[in-house]
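Reading through the structure tokens given below for one structure.
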Amino acid sequence: MHAELDEIEYHLLLAEFDLLWSRTPRPGDRERMDQMMRLIEAFEATRLMASSA
């Protein structure tokens, strides 16, 4: 997944994050979730800036 998300990718990423959060951790989950959080936070920050402009 690339650094800039569109709306659909954002919602898919949230769904995947929720799945990972709710299951027993597997190898690599923590790193994947860290990466996902960076993407989610960046997307939300972009949306927040756009809505306040």
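For the single chain, residues carry numbers from 1 onward in sequence order.
- Every residue meeting the side-chain contact (heavy atoms from CB on, under 4.5 Å) condition with Arg47, not counting sequence neighbours, appears here in chain and number order: Glu7, Phe43.
- Judged as a ring-ring contact (aromatic ring centres under 6.0 Å, His included), and not counting sequence neighbours, Phe17 has no contacts.
- Under the rule for a side-chain contact (heavy atoms from CB on, under 4.5 Å), the partners of Asp34 that lie at least two apart in sequence or sit in another chain are Arg30, Arg38.
- Atom-to-atom distance recorded for Glu9:CD and Ile40:CD1 is 12.5 Å, nearest 0.5 angstrom.
- Scored by the side-chain contact (heavy atoms from CB on, under 4.5 Å) test, Leu19 finds no partners at all (sequence neighbours excluded).
- Scored by the side-chain contact (heavy atoms from CB on, under 4.5 Å) test, Leu20 finds Glu16, Arg23, Asp29, Arg32, Met33, Met36 as partners (sequence neighbours excluded).
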